[in-house]
Each structure stands twice: as structure tokens, then as C-alpha cells.
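Counting convention: from 1, in listed order, for ligands and their atoms alike. Values in this document were obtained by computation on a predicted structure and should not be read as measured data.
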Amino acid sequence: MSSVNHKPSTAGIIVIGDEILKGQTIDTNSTFICQHLYTWGVQVKKISVVSDELEEIAKEVKEFSEKYTHVVTSGGVGPTHDDLTFEGVAKAFNEKTLPHPDLVQLIKQYFGTDDLLSPKMKMAYVPESAKLQYGESKISGKRTKYPMVSTHNVYMFPGIPSLLEGAFVLFEDIFRDPNVKFFSRRIFIDTDEITVSSILQDNFNKYKESVSLGSYPDLHNSYFKVKLILESQIEDKLNSACEELKSALPQGSVVKYDENPLIDANEKIHELLKSENGSEFAKKLEKSLHTIEKALERYSFDEICVGFNGGKDCTVLLHLVYAAVKRKYPSIDKKLKSLYIRSKLPFPEVEKFIQIARDRYNLNELMYYGRIKDCMGELKNQHPEIKAVFMGTRNTDPYSSHLEEFTMTDADWPQFMRVNPILEWSYDDIWKFLRGLCVSYCSLYDRGYTSLGSMNNTHPNPTLQYIDYRGIVCYKPAHQLQDNQLERDGRNV
Ligand SMILES: Cc1cc2nc3c(=O)[nH]c(=O)nc-3n(C[C@H](O)[C@H](O)[C@H](O)COP(=O)(O)O)c2cc1C
Ligand SMILES: Nc1ncnc2c1ncn2[C@@H]1O[C@H](COP(=O)(O)OP(=O)(O)OP(=O)(O)O)[C@@H](O)[C@H]1O
Ligand SMILES: [Co+2]
Ligand SMILES: [K+]
Ligand SMILES: [Mg+2]
């Protein structure tokens, strides 16, 4: 084995395309490439975005190729006039482009033309010294149909994210540095950067030979203010730096944070249950899990749907149902359905959170506008397969004291089974669950809102109000509300 402090190989990434410089497309390819190169032990030194101009591409490729071990490009390999990557790379090495016989053959197979002047054939013109590299599918073990073009130390990938992502991971062997492994640790703190800057500086100075330390504030996180990332190739050094830093930070400022409570969601919920062993909360949580299990026995995956409007109660509900569904159907490829009935004046913060949750929980969101009862009728028409709607209703909600865990909608409503797994939960229980598992919730709750309706009828809860040192009116976060009875004090209806 070679030395642990082996100098890592380096890489530069060149993203090619006017659409990115005009802000019409968000570049996700460089992030994807960086994440993979990092885990493969390669240090990315620079990312550059260049326009679809031959000179620009050639100049950047030349410079990157001289400076870094590897150069990865994304984009500009299609058939249209603005796809100039192959020509640009050729120019960087003072080469011409020539049609590569294998590519000519491929294009003939796909498009049925072997006319060397056809625009489709443009994709076959690559730098003279180009090599074609075929990946091997990780699933079938077969050689991929379309090759990656490389020359010297430059590797050219398509710009379409799904194509780039599919292809890039197949070439791990080209990039992976077997002598390098990065270890990393994260510390989350709930004080601001200024308070800890001198502590960070001291730790950095002491370990700078072997450990890198980064500080990343997050202005919108409900759980921490700053994320600290320590990295090293030497695990022992990393551990000492990390331990020393933790004890130097102000007492109580380090918070336990789970960056992805959806991973092993079911196991984590059961850990919470165990840690609350025997409490009232644990009993209610256990009963909720049972209700959800029963519902999943009674109704098939297609027959269920989660009522999700971005509120705290349905956030708890969604997380519970998600965990149970994952457990019951571990390899299902269908999306869980959610129902969102949009009010006339939704808060933008709520809408944004609903979008984030939709992506995170991989939901098939069915959205309707108008009165709830009418929307339920539309739902019935468009999705006759749905029989049951999971809801985050609690007994203390208006008109809800009579509800049971399974209650049909009222006789004069479109008929659905309402499944209410968290009926008995108190306001505090809701926060114990969300904060105990680090589940993300709508940002309005951190600004004093304790229950959410529409913009025209919802305000921050007056009990949470205080005046800060500048004399400005502020609100404490919802989870700090003392009197559970006052939950709806910010609501007009
Ligand atoms: C899926 C679903 C089913 C509902 N079924 C009924 C019902 O059968 N009878 C009823 O009076 N209200 C029903 N409602 C309305 C709710 O009781 C309640 O008025 C609505 O969720 C607004 O709550 P909020 O004022 O706390 O925001 C239903 C709502 C939803 C989302
Ligand atoms: N517009 C809606 N679209 C879909 N489901 C809804 C809608 N309104 C209410 N629900 C369902 O009814 C439940 C009860 O609504 P409620 O407003 O009390 O709770 P919440 O929105 O989850 O949280 P909060 O009480 O903080 O507003 C929700 O949890 C959700 O399951
Ligand atoms: Co509620
Ligand atoms: K920083
Ligand atoms: Mg609500």
C-alpha cells in the first residue's frame, strides 16, 4: 500500500452551452460529476462554464488539459450548428476532426444515413487522436451502444443530464484513484459563524497540514445555523480534529441532525418509539403505526392517497405513511398519491414546501382548486380507484371530536374512507415527532405560525410574539408554544 497522504489526482470540469450562461438551464451536471469524482478520490480544482464558441472552448480545454490530471466536458456533442465540443477540443490540440468509422457505422444504424455531409453525421467527426470508450452496463454487463469520446486527458460527455449521469458512472475505472480515500465528518451547530470563528481558526491552524475545515451557514434550516465539514485522508487525525473542535465549541451549541430522515425512515421511527418507551406519546405513536398498517391491509397501493396541504399535521402523517409504505412495498416503482386542494390565497412558503415534499417523498400529487367538497367530487370522477384518504386531522381540530381512526366522509359528501392515524396526538406530540426525527416542515412554523389556513385568515400566533434587542417585533418558532390550547390563536376561522 502506498502512503496515506498520497497526492490526489485533479480534475477540471468544462460545462459547454449558451443556455447555461443565459440562465435558461440550470447546470446540474457539474455537481453530479464533482460528487462522483470526490468519492473516487479525485480533487476537482475548477469548474468553468463556456459559451458555444469554438475559440472559447479550445482555449479553455487547452488550459485545463495542461493544468489538471483529467478534464471532463459536458455538452456540445449533438448534431446542430451550435454543438462544437469535438471541434473545439481538436483545436486545443492543433488537430483536425475526422469521421470515425465506428461512429459513422453507429449513425448509419440509428438514422439510416451514411452521407458524410448529413447534419446527423456531424456527430461522427471527432478529433484525429480520439479514442472511443465503451462503458459496461452495471446491470446487464453488456457493452453500451454509444461510446464516450476522449482524447489525451479530455473526456467528452453529452449535456443532457440523464445521458451524462448514465454514462459518467460507467467510467469510474478511468478516474478512480486507488491510493486516495477521503474521510469526512460533519458537525451541525445552532450558533452563527461569527460566534465560533476564532474557535474554527484555532482548529484549522492546528490541523491544516492534514485536515481541511469548511464552514457553511444555512439561513433557512429549522434545526441548525452552520454546518461544519472536516475532511482528511488520515482518519485518526480527522477524529482528533473533530473531537477537539466539538469540545471547543460553546456548550450546547452542537445539535444532533439527520440530513435525510427518509433513509431507513421506518427504523428511525422505531428508534424514537424505543427512546420514548412507555410514555403517552409512545403509546399514541404505536397506535398510529397500527392504524396505518391496518389501512394498508384493507386497501391496495392504488386505492390510497394522502391528504397533504403542507401543514404540520399532514407532514407527520406523510412521514408515517411513507415509512409504512416503504416497508410493505420495498421495491414498488409507482408513486404514492397525494391530494392537495389549493385554497384561493395559499402562502408562497406553503406552496414551496409542498413542492419540496413532493420531490422528496416522490409523490404523485393530485391538485384541485376550489371548495373542498367539490374537489372531492372531481377526485372521485378522475380517480375512481381511490377508496381511502389518509388525513392529519386531530380530535382537537374544529368539528373533529367525533372522528374515529376509520370514518367515512359524511353522507352528503363524495364517499371516501377517511383514515385518521394521528387523531389523539397533541400539539406537543406533533413537534416531538417532527423535531425528534429532523423531518423538514414548512418554514412558516419557524416564524410563529402554529396552524396554517390561507393568507387571508392566518397570522403568526400572538402568544409567540416578542420584541428583540433592536425593538423589532419577532415571533418564536411554533414548537416553543407553551399552551397547547392556543394552537389556533393565529387563525380567524
Ligand atoms: C379529504 C377530506 C375529506 C373531508 N371530508 C369531510 C366530511 O366528510 N365532512 C365535512 O364536514 N368536512 C370534510 N372535510 C373538511 C374538513 O373537515 C375541514 O373543514 C377542512 O380540512 C379545513 O380545515 P381547516 O379549517 O382546519 O384548515 C374534508 C376535508 C378533506 C381534505
Ligand atoms: N386543502 C387540503 N388539501 C388536502 N388535504 C387537506 C387540505 N386541508 C386539510 N387537509 C387534510 O386535513 C388535515 C387537517 O387539516 P389541518 O389544517 O388541521 O392540519 P394541517 O394543515 O396538517 O396542519 P395545521 O393545523 O398546522 O394547519 C390535514 O392534515 C390534511 O390531511
Ligand atoms: Co392541524
Ligand atoms: K463559509
Ligand atoms: Mg392546515
Kindly confirm or rule out an N or O of T409 lying under 3.5 angstrom from an N or O of ligand 1.
no
Thinking salt bridges, do E351 and R342 make one under a 4.0 Å N-O criterion?
yes
Which pairs count as salt bridge (charged side-chain N to carboxylate O under 4.0 Å, His left out) when at least one residue sits in residues 401-411, sequence neighbours excluded?
K294-E405, D410-R418
Using heavy-atom distances only, which candidate in G311, C305, G392, P346 approaches atom 28 (C) of ligand 2 most closely?
G392
The option among N309, N420, T315 carrying the non-hydrogen atom nearest to atom 10 (N) of ligand 2 is N309
For D397, is the nearest heavy atom under 4.0 Å from an atom of ligand 1?
no
Is F390 close to ligand 2, meaning an N/O of one under 3.5 Å from an N/O of the other?
no
Show the atoms of ligand 2 that are less than 4.0 angstrom away from any heavy atom in F308.
4 (C), 5 (N)
Answer yes or no for G311: is there an N/O/S atom below the 2.8 Å cut-off from the Mg ion (ligand 5)?
no
Within-cut-off N or O pair, S451 and ligand 2, under 3.5 Å
yes
Evaluate the ring planes of F157 and F168, with Trp represented by its six-membered ring, and classify them as parallel (under 30°), tilted (30 to 60°) or perpendicular (over 60°).
perpendicular
Between E293 and R327, is there a salt bridge with N-O shorter than 4.0 Å?
yes
Parallel under 30°, tilted from 30 to 60°, perpendicular over 60°: which one fits the rings of Y257 and Y223?
tilted
Indicate whether any N or O donor in one side chain lies under 3.5 Å from an N or O acceptor in the other, for S426 and D429.
yes
Angle class for the Y361/H319 ring planes (parallel below 30°, perpendicular above 60°, tilted otherwise)?
perpendicular
Per-atom contacts, ligand 2 versus M391 - under 4.0 Å to a heavy atom
11 (C), 12 (O), 31 (O)
Could you pull out, from Q415, R371, R394, M391, the option with a heavy atom nearest to atom 3 (C) of ligand 1?
M391
I'd like the name of whichever of P398, S454, G307 reaches closest to atom 5 (N) of ligand 2 through any heavy atom.
G307
Counting heavy atoms under 4.0 Å, the part of R488 that contacts ligand 1 is side chain
The atoms of ligand 2 lying under 4.0 Å from a heavy atom of C314, numbered in the order shown, are 22 (O), 28 (C), 29 (O), 30 (C), 31 (O)
Do E244 and Y207 meet the criterion of a side-chain donor-acceptor pair at a distance under 3.5 Å?
yes
Quick one: look at K373 and ligand 1, take heavy-atom pairs under 4.0 Å, and tell me if it's side chain, backbone, both or neither.
neither
Under 3.5 Å side-chain donor-acceptor pair for N362 and Y322
no
Is the ring pair Y38/F182 parallel, tilted or perpendicular, if the boundaries are 30 and 60 degrees?
parallel
Where's the contact between D410 and ligand 1, heavy-atom distance under 4.0 Å: side chain, backbone, both or neither?
both
Check each atom of ligand 2 against the heavy atoms of L452 and keep those under 4.0 Å away; list them by number with element.
24 (P), 26 (O), 27 (O)
I'd like to check whether Y340 has a polar contact with ligand 2, where a contact means an N/O of the residue lying under 3.5 Å from an N/O of the ligand.
no
With atom 14 (N) of ligand 1 as the reference point, say which of F416, Y399, F390, W413 has the nearest heavy atom.
W413
Any chance the side chains of S300 and D302 put a donor and an acceptor closer than 3.5 Å?
no
Who pairs with K337 by side-chain hydrogen bond (donor to acceptor under 3.5 Å, both in side chains), at least two apart in sequence or on another chain?
E385
Given that the side chain starts at C-beta and the backbone is N, CA, C, O, which of these parts of Y445 lies under 4.0 Å from ligand 2, counting heavy atoms, or is it both or neither?
side chain
Using a 4.0 Å cutoff against the non-hydrogen atoms of D397, which atoms of ligand 2 qualify?
18 (O)
